Number of protein chains: 2
Amino acid sequence: MTRIDHPESLKRLAVQLRRLPGIGPRGAERIALWLLGGKDRTRSSELASAMLQAAESVRPCPECGFLTDTAQCAICADETRASGPLCVVEEATDILPLERTGAFRGRYHALGGRLAPLDHVGPEDLRIPGLLNRCRTTPAPSEVILALSADVEGEATAHYLAELLHAEFPRLPITRIAQGLPAGGGLESADELTLSRALSGRTQMN
Amino acid sequence: MTRIDHPESLKRLAVQLRRLPGIGPRGAERIALWLLGGKDRTRSSELASAMLQAAESVRPCPECGFLTDTAQCAICADETRASGPLCVVEEATDILPLERTGAFRGRYHALGGRLAPLDHVGPEDLRIPGLLNRCRTTPAPSEVILALSADVEGEATAHYLAELLHAEFPRLPITRIAQGLPAGGGLESADELTLSRALSGRTQMN
C-alpha cells in the first residue's frame with residue numbers, strides 16, 4: 001500500500017513557503033494549493049514575476065540604507081527635509097514605522113542590524129563607517145538620535161555607538177528614544193523593567 | 001513634502017502577496033520585506049523557482065482530478081486499491097484529508113467545484129461527464145459516496161448528482177457522508193442545524 005501524498009514539486013513549494021515569516025505548515029500547504037489553482041493558472045507566474053522584479057530592482061540606498069528602486073532613496077533625495085537631526089535605526093524596515101508617525105522630519109541611517117556577539121554580529125558587520133562619514137561631512141548632523149530596540153542587544157549597540165561618536169565628535173548631541181509605558185497600556189499590564197524605565201525616564205509637567 | 005513609502009516594485013509585490021489565502025496587509029508587507037532580505041538575497045529566486053516548477057509540472061489527474069505530476073495520479077495508478085466504492089468530492093484538495101483518515105481505500109472523483117448558481121457555476125462547469133463515464137465502464141463502481149460540503153451548495157450538488165446517477169444507474173447505491181457533532185464538540189457549542197442533523201442521522205447502538 002502506497003501512502004498517498006501531494007506531488008513532489010508541490011511539496012517542495014510548500015517547504016519554500018514555510019520559510020516565510022508567519023506561515024506554518026498548514027498555511028504553506030494552503031497557499032501552495034491556491035497558487036496552483038485558479039481558472040487560468042496564472043497565480044504562480046504573476047507572484048513569481050512580482051518577486052523577481054522586486055528582488056531585481058529594490059536595493060538599499062547607498063547613503064542611508066533605506067530600501068529604494070532608484071539611485072538615491074526618496075528620503076535622501078528630499079531637499080526639504082531637515083539635514084540637522086540624524087535618526088539611527090537597526091533595520092531599513094524600521095524607517096517607515098517612524099516615518100508614519102509624522103513626528104520626525106530629519107534623515108535616517110540604517111545600521112543593517114545590531115551588535116549580537118552570540119550571532120557573531122560585530123561592529124564590522126554594521127554600516128558604522130557610513131554613519132561616521134555622515135557625521136564628518138558638512139553640514140554635519142545637529143543631533144544623532146539612536147532609535148534602537150529596547151532590549152539587551154539594542155542597548156549594547158546604543159552604548160557602543162554613543163561612545164564611538166562621542167570620542168570623535170565630543171560636541172555632537174547624542175540622544176535615545178524614550179522607554180516607558182506603551183500607548184494605551186495600563187500599569188497592571190506593564191512588566192517591572194518597563195515600569196522602572198518609565199519611572200526613571202519621567203518628565204516634568206509644570 | 002513627499003509622503004515616504006516603499007519602492008513601487010516592493011508595493012506591487014505586497015499587493016500580489018495579499019491575494020494569498022490567510023495573508024493580510026501587514027503579513028504581506030512583512031513577507032515582501034523578508035523576501036528582499038537575507039545575506040545572499042536568493043530568497044525571492046528560490047521561492048519563485050519552486051512556484052514556477054510546481055505550476056509547470058502539477059496537473060489534475062485526467063481520470064479523477066487529483067493533483068499529480070505524472071500521467072496518472074498515485075491513487076488511480078495504485079492497483080491494490082478497491083475499484084468498488086467511488087468517493088465524489090468537490091475539490092481535488094478534499095482528497096488528501098479523506099485519505100489521511102485511512103478510513104477509505106477506494107477511488108475518488110473530484111468535481112472541480114460544486115453547483116453555485118450565484119457564482120454562475122452550473123453542471124456544465126463540473127467534471128460530471130467524467131463521473132458518468134466512470135460509472136459506465138467495467139468494472140462499474142459498487143457504490144458512489146458523495147463527500148460534499150454540508151452547506152446549501154453542497155446539498156444542492158449532492159441532490160443533483162443523486163438524481164442524475166439514479167436515473168441512469170437505478171441499481172447503483174448512492175450514499176452521503178454523515179452530518180452531526182464534530183469530534184470533541186459538545187452539544188452546547190453546536191448550532192441548531194448541526195444538532196437537528198445529528199438527531200435525524202442517529203444510529204442504533206444495540
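We name chains A, B, ... by the order of the sequence lines, and we start the count at 1 in each one. In this text the structure is predicted, and so the values were computed from the model without any measurement.
- Contacts with chain B were tallied for A/K11, A/R19, A/R12, A/R59; A/R19 has the most, counting heavy-atom pairs under 4.5 Å.
- Both the backbone and the side chain of A/L67 come within contact range of chain B, judged by heavy atoms closer than 4.5 Å.
- Put simply, of A/A50, A/S45, A/S44, A/G37, the one with the most heavy-atom pairs under 4.5 Å next to chain B is A/S44.
- Looking at A/L35, the atoms closer than 4.5 Å to chain B (heavy atoms on both sides) all sit in the side chain, from C-beta outward.
- At a 4.5 Å heavy-atom cutoff, the contact between B/R30 and chain A is made by backbone and side-chain atoms alike.
- For B/E56, no part sits under 4.5 Å from any heavy atom of chain A, backbone or side chain.
- Heavy-atom distances place both the backbone and the side chain of B/L13 under 4.5 Å from chain A.
- At a 4.5 Å heavy-atom cutoff, the contact between B/L33 and chain A is made by side-chain atoms alone.
- Considering only heavy atoms from C-beta on, A/I95 stays 4.5 Å or farther from B/H6 through its side chain.
- For chain B, the nearby part of A/L36 is the side chain; its heavy atoms alone come within less than 4.5 Å.
- Per-residue counts of heavy-atom pairs under 4.5 Å with chain B were compared for A/V15, A/L17, A/D69; the largest is that of A/D69.
- If you tally non-hydrogen atom pairs under 4.5 Å between each of A/R43, A/E29, A/M51 and chain B, the highest count goes to A/M51.
- Interface check for chain B: of the options A/A54, A/S9, A/P21, the most heavy-atom pairs under 4.5 Å are formed by A/P21.
- Of residues 127-140 of chain A, not one residue has a non-hydrogen atom less than 4.5 Å from any non-hydrogen atom of chain B.
- Looking at A/I23, only its side chain comes within 4.5 Å of chain B, counting heavy atoms on both sides.
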